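What you see is a predicted model; the values in this text were computed from it and never measured. Every chain is numbered from 1, with letters handed out A, B, ... down the list of sequences.
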2 protein chains.
Amino acid sequence: MAQAIHLHQVSPLKASCHQCSLSNLCLPLAIEENDLDRLEDIVQQGKIYNRGEHIFDQSTPFKSCFAVKSGSVKTSIITEGGDEQVTGFFMPGELVGLDSMSGDHYACTAKALERTSICEFPVEKLEELTGKLPELQHHMYRLMSQEIQNSHQLAMLLSKNTAEERIAALLLSLSSRFSRRRMSATNFSLPMARNDIANFLGLAVETVSRVFTRFQNQGIIRARGREVELLDVEALQMVTREFAKQGG
Amino acid sequence: MAQAIHLHQVSPLKASCHQCSLSNLCLPLAIEENDLDRLEDIVQQGKIYNRGEHIFDQSTPFKSCFAVKSGSVKTSIITEGGDEQVTGFFMPGELVGLDSMSGDHYACTAKALERTSICEFPVEKLEELTGKLPELQHHMYRLMSQEIQNSHQLAMLLSKNTAEERIAALLLSLSSRFSRRRMSATNFSLPMARNDIANFLGLAVETVSRVFTRFQNQGIIRARGREVELLDVEALQMVTREFAKQGG
DNA sequence: TCTGTCCATTGACTGTCGTCAAGTATAGCA
DNA sequence: TGCTATACTTGACGACAGTCAATGGACAGA
């Protein structure tokens, strides 16, 4: 479902954040026209990555943060033992790499899940700019803080919720992120494999599969491969809160 | 084990970050003498909270971030269902509230686990200051990024590791945080109850208890109540990597 | 010293989910 | 079109940790 992208050349492309349909999601939020120009000066816009290509690699020198323009990205950490832990999925309008700003090297690996267009923000210049633009600085703080919250949410999901609850929560999260982009909230195609879902949610692939079919049998969703249709969103929301209702 | 604190009055107390033994852990890191003064201007220093007192409450208006000076703090989220999810423990030199910078309200509740001294940083002033001091801004980014990484680490622990591995990891984390403050790395007293540990690690209290005694029987630790002695740090490290060794 | 409360420990049993194993779709490619 | 590799699904079984329940200690107040 990766939308075809305008150009295959990078350098002269200054398509600008002004025109970008995501400018309200991504960095530029709450920035003056003038300031937007200055942001554009430092951004490398719309580089294309094919499915499976790495945007950056864990333990390589940290240089930039990246905004997803179209397509989708998976971030993961490789442990000493060699296994992967998926730490997040990033959709258009979302910023990748904020977890790497505390060191000299990237804290994770980012990989395109499909044909993906990416804008690059060199941190050195970005920090310089946020020092001059309080609005932008504030926005950066918000984004990073949001990332912390998301991660706490995830930790909570992992520590307290059943397989069904985790998967329901992920489906709803994806749904709302699709609808923010004015795409269907009930009819979409998962950018990631079952394996990635399982890894992200701390489950075995088999469990993910089983839950999908269980949901399907209950008439809550319809899933064929990566194509998903949410038939009963309320039921899904019920699932995520099931345990809460009992406890309260 | 909260160290007794200097004064019980707050306002005229300008003991200063210069004198603070934690200045290398907390915000001031990498700041010029001059700039430190400016930071001090905005900080409310060393307010005391007793055991169980709230530093801030979830859903109340967000105003400040807080640095722990002595003692310790627990942050937690209360879900709609009414149950608690512990999101972190904060020791001296660590900054609390970074996850709340993305909204108008605190994203969690922070509670003193013992008699605790806290420095308050009003965000409005803090943001103003970081706009002027690139070093400080950079440091803020680092802290927030580190918080994201920590949270990812936690998510990983919760999703992939056994009860023993989780608890070993927590003990080692506490150990290293104690030793950073030049306290014993092998002999300390847990600031939090078993319940909090269980909640934080996504386990039942009973499981935590069982693992503690198992470790004790194996001669890895010695624990009586909250007093803990790490007898065999290497063994603990082995435990945390056990699964990695098998996988790789 | 006694009593009540809170916290920690221990035991028995159950359930969810992981593992192992096999089988079936789907995608990429010659 | 067929081939192969990868992704996904389904089933059987076992283990780890949760739940329920009871006991044991620590501490505060009378």
Closest to side chain of A:R224, choosing from D:dG18, C:dT10, C:dT26 = C:dT26
Which one of A:R177, A:K69, A:R181 satisfies the salt bridge (charged side-chain N to carboxylate O under 4.0 Å, His left out) criterion with A:E94?
-> A:R177
For residues B:E165 and B:T240, is any side-chain donor paired with an opposing acceptor at under 3.5 Å?
-> no
Under 4.0 Å between any heavy atoms, over every strand shown, what does A:R166 touch: base, sugar-phosphate, or nothing? Just pick one.
-> nothing
Rounding to a whole Å, what distance do you find between A:R51:CZ and C:dC29:C1'?
-> 15 Å
Phosphate OP1/OP2 of D:dG18: any B:T207 side-chain N/O under 4.0 Å | yes
note: A:R194, atom CZ; D:dC8, atom C1'; distance rounded to Å ~ 7 Å
Checking C:dT19, C:dG18, C:dT10 against the side chain of A:L203 (C-beta onward), the nearest is C:dG18
Nearest listed nucleotide, side chain of A:T213, among D:dT9, C:dT10, D:dA12 | D:dT9
Integer-rounded Å distance: C:dT19 P and A:N195 CG = 12 Å
For the pair made of CZ in B:R226 and C1' in D:dC27, what is the distance, rounded to whole Å?
-> 12 Å
Between A:E84 and A:K74, is there a side-chain N and carboxylate O pair less than 4.0 Å apart?
-> yes
Round to a whole Å and report the spacing from CG of B:N161 to C1' of D:dA17.
-> 14 Å
In whole angstroms, the gap separating P of C:dC17 from CG of A:L201 amounts to 12 Å
Which of the following nucleotides, D:dC20, C:dC17, D:dT10, is nearest to the side chain of B:E206?
-> D:dC20
Atom CZ of A:R222: over 12 foreign heavy atoms under 6.0 Å | no
Atom-to-atom span, CZ of A:R214 to P of D:dT10 - whole angstrom = 11 Å
By nearest-nucleotide position on DNA chain C, the 5'-leaning member of B:A193 and B:R210 is B:A193
Is the charged tip of B:R194 near the ring of B:F212: under 6.0 Å from the six-membered ring centre and within 45° of its axis?
-> yes
Nearest-Å distance, CG (B:N199) to P (D:dT19)?
-> 12 Å
Give the nucleotide from the list C:dT19, C:dT9, D:dA17 with an atom nearest to the side chain of B:V205.
-> C:dT9
